[in-house]
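A quick write-up on the structure given underneath.
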Amino acid sequence: MAEIKIRLRPNGPLVIEGVGPLDAVLQIVDQQGNPFPLPANKPVIALCRCGHSSNKPFCDGAHKNCGFLAEELAPPPAPPA
């Protein structure tokens with residue numbers, strides 16, 4: 001099974017990264033279950049977080065001009081018991 005990682009870019013999109021082409025192992029669907037076409041043979045896809053992309057759900061860089069700010073960090077790991 002291919003490993004997929006979703007990374008939050010500071011003040012930017014959700015970046016989905018995989019090993020090899022994501023269109024072969026990942027599907028992004030709308031609320032009715034219809035799949036969005038994914039770029040063929042790309043190992044990275046960026047999803048909009050700012051809500052201003054003209055190509056939703058994909059990022060088109062609109063976050064750079066709309067003042068979007070988001071720098072969430074994961075909580076630190078729990079100390080060993």
* Only counting residues at least two apart or in another chain, list the ones meeting salt bridge (Lys or Arg N to Asp or Glu O under 4.0 Å) with Arg9. =>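 Partners of Arg9 under the salt bridge (Lys or Arg N to Asp or Glu O under 4.0 Å) test: none.
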* Asked: Residues in side-chain contact (heavy atoms from CB on, under 4.5 Å) with Gln31, at least two apart?
  -> none
* Main-chain N/O of Ser54 paired with Asp60 side-chain donor or acceptor, under 3.5 Å -> yes
* Locate the shortest heavy-atom distance separating His52 from Cys66; write the atom from each residue and the value. => CD2-SG, 3.5 Å
May I have the list of side-chain donor-acceptor pairs in residues 68-76 shorter than 3.5 Å, sequence neighbours left out?
unit_1 : atom_1 : unit_2 : atom_2 : d
Glu71  : OE2    : Asn11  : ND2    : 3.0
Glu72  : OE1    : Arg49  : NH1    : 2.9

* Taking the side chain as every heavy atom from C-beta outward, state whether Asn34 and Val29 have any atom pair closer than 4.5 Å. =>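 Answer no - side chains too far apart.
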Could you tell me the separation between the [atom1] atom of [X] and the [atom2] atom of [Y], rounded to the nearest 0.5 Å?
X: Lys56; Y: Cys50; atom1: NZ; atom2: SG; result: 7.5 Å
X: Ser53; Y: Phe58; atom1: OG; atom2: CZ; result: 9.5 Å
X: Ile45; Y: Leu38; atom1: CD1; atom2: CG; result: 4.0 Å

* **Pairs satisfying salt bridge (charged side-chain N to carboxylate O under 4.0 Å, His left out), at least one member in residues 11-22, at least two apart** => Arg7-Glu17
* Among pairs that include at least one residue of residues 30-48, which meet salt bridge (charged side-chain N to carboxylate O under 4.0 Å, His left out), considering only residues two or more places apart or in two chains? -> none
* To do: Show which residues join Val44 in its hydrophobic cluster (side-chain heavy-atom contacts under 4.5 Å, direct or indirect), or state none.
  => Val15
Sequence neighbours left out, cut at 3.5 Å: what donor-acceptor pairs do the side chains of residues 19-27 make with other protein atoms?
unit_1 : atom_1 : unit_2 : atom_2 : d
Asp23  : OD1    : Asn41  : N      : 3.2

